[in-house]
Novice: 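One structure follows; several queries about it will come next.
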Amino acid sequence: MRRTQLFVKTRRETPGDEPSLNAQLLIKAGYVHKELAGVYSYLPMGKAVIDNISKVIREEMDSIGGNEVLMSTLQNKELWQASGRWDDRVVDSWFKTKLTNGTELGIGFSHEEPLTNALKHFINSYKDLPVYPYQIQTKFRNELRAKSGLMRGREFLMKDLYSYSRSAAEHEAFYEKVSEAYLKIYNRLGLGAITYKTFASGGVFSEFSHEFQTLSHVGEDTVFVDEDKKFAVNKEVYNDETLVKLGLDKSKLVEQKAVEVGNIFSLGSKYSDALGLYFVDEEGEKQSIIMGCYGIGVSRIMGLLAEHFADKDGLVWPQNIAPFEVYLAKLGLDPSVIGEADTVYNRLTERGISVVYDDRDIRAGEMFADADLMGMPYRIVVSQKTLGTGNLELKKRGEQAAQSVSLDNLVEIILNARKY
Ligand code: ATP
Ligand code: MG
């Protein structure tokens, strides 16, 4: 992609109306546009980051038997009345709307009820189960505060997976599989070392749940971490009784701020029973279906990655998440420099490396500032100076020193650095 064809404009000044660092950086670097507090639009590079995060999540969900769907945003009030969740005193973050004839509709904050209802047309017998539908979809929540940028949106992208199982044992086994898949996802997103499976409250329907918490000083949650066991306890359920039950030693736990990047819940048959979804077993008996729900905050993770890896010069993306792996900077308008830069661009592209090629006629300092702000993992410079050496200048984002390398070596360095 040539920079002159890429719909992006960076800015140097920090937006005055945006308190959070992740949104400030993403706005300055041209990844998102702020519509309202807690509501962001994704520009081409922002969309690419969302797609890259989603790709990792999709691969891991598909590998455990997930089937991707896309549910509607407008929802039938009656289904939520059946479960008792239409009431604003039960769910305080609802956005609701009306048809012109006055019929009330919900604007989806979650999808247990509509999905469970839809499955009534597809599930009758034990042979139809288990099923694991998931989606990556926009959720709407009237959050009280929206000061954390993409990390707490009023409109945000969530991956939500739902499991429908024939027995508690079948449910438990899948719950564990999801937990393992989640750890793989956070690893692949570069957050493995600071993300902890966390014991948390279960809400109304089960005794407990698990969250996945990433340590961050901007986190809204407080957790107690056991570094050796790679496990944490949310402050909400932190008490002596819980610690004994989990076999944790209080003296080894360290209090930390964290961001909830995902969670997994056992729901029992609360929703399936309420919506009238049952199955008939081998003996011909009608049985309840055991459900689980499993969320990951896709846009929250984008905000977290932006904020976590940033330095004083701007964004620093992991290679598998960056919109482009390479920022190719061509300095000057000398035809031989342009020719060489075109060659480099073509060669990298042929080898499957994604490149943004800055073909503008601007000062080197301005171009480098843009490259740092936008945060691609590698910067390559082609200039009069590099032409003389027969090599190119390669700098890894976040490192100070550039190295002089041949085009062939450079391709190998970039391809070998791909971890996931
Ligand atoms: P929180 O406690 O942060 O409000 P939650 O318990 O309401 O989260 P869920 O309803 O289970 O979260 O949603 C699943 C995942 O979606 C969460 O683990 C989180 O990563 C993400 N998420 C929840 N609310 C938001 C939001 N307002 N903006 C962005 N991501 C969110
Ligand atoms: Mg919430």
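Atoms within each ligand, like the ligands themselves, are counted from 1 in listed order.
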Novice: Which residue supplies the protein heavy atom nearest to atom 28 (N) of ligand 1, what is that atom called, and how far is it?
Specialist: Gly153 N, 2.9 Å
Novice: Just let me know how Glu220 lines up against ligand 1, side chain, backbone, both or neither, with a heavy-atom cut-off below 4.0 Å.
Specialist: neither
Novice: Compute the shortest N/O to N/O distance between Phe156 and ligand 1 and return yes if it is under 3.5 Å, no if not.
Specialist: no
Novice: Can you tell me the protein heavy atom closest to atom 11 (O) of ligand 1 and the distance?
Specialist: Asn263 ND2, 2.6 Å
Novice: Could you find the nearest protein heavy atom to atom 19 (C) of ligand 1 and give me its residue, atom name and distance?
Specialist: Arg300 NH1, 3.4 Å
Novice: With nothing but distance in play, are any N or O atoms of Gly297 less than 3.5 Å from an N or O of ligand 1?
Specialist: yes
Novice: Among Arg58, Lys159, Gln135, whose side chain to side chain donor-acceptor pair (under 3.5 Å) with Glu68 holds?
Specialist: Arg58
Novice: For Asn117, which residues count as a side-chain contact (heavy atoms from CB on, under 4.5 Å) partner, sequence neighbours excluded?
Specialist: Leu79, Lys120, Leu275
Novice: When you measure from atom 10 (O) of ligand 1 to each heavy atom in Met158, Lys159, Lys139, Arg141, which option holds the nearest one?
Specialist: Arg141
Novice: Can you pull the salt bridge (Lys or Arg N to Asp or Glu O under 4.0 Å) pairs that have at least one residue in residues 292-317, sequence neighbours excluded?
Specialist: Asp311-Arg397
Novice: Please say whether Ser299 places an N or O atom under 3.5 Å from an N or O atom belonging to ligand 1.
Specialist: no
Novice: Just heavy atoms, cut-off under 4.0 Å: does Glu260 contact ligand 1 by side chain, backbone, both, or neither?
Specialist: both
Novice: Classify the side-chain pair Lys28/Thr14 by whether it contains a donor and acceptor separated by less than 3.5 Å.
Specialist: yes
Novice: Taking NZ, NE, NH1 and NH2 as the nitrogens, is one of them in Asp408 or Arg347 under 4.0 Å from a carboxylate oxygen of the other?
Specialist: yes
Novice: Do the side chains of Arg85 and Glu113 get close enough for a salt bridge, i.e. N-O under 4.0 angstrom?
Specialist: yes
Novice: Under a 4.0 Å heavy-atom limit, does Ile301 contact ligand 1 with its side chain, its backbone, both, or neither?
Specialist: neither
Novice: How far is atom 1 (P) of ligand 1 from its nearest protein heavy atom, and which residue and atom name does that atom have?
Specialist: Arg152 NH2, 3.5 Å
Novice: Taking 4.0 Å as the limit for heavy-atom contacts, which would you say applies to Glu143 with ligand 1: side chain only, backbone only, both, or neither?
Specialist: side chain
Novice: Is the closest side-chain heavy-atom distance between Trp94 and Phe140 below 4.5 Å?
Specialist: no
Novice: Do Val223 and Tyr196 come close enough that some side-chain heavy atom pair is under 4.5 Å?
Specialist: no
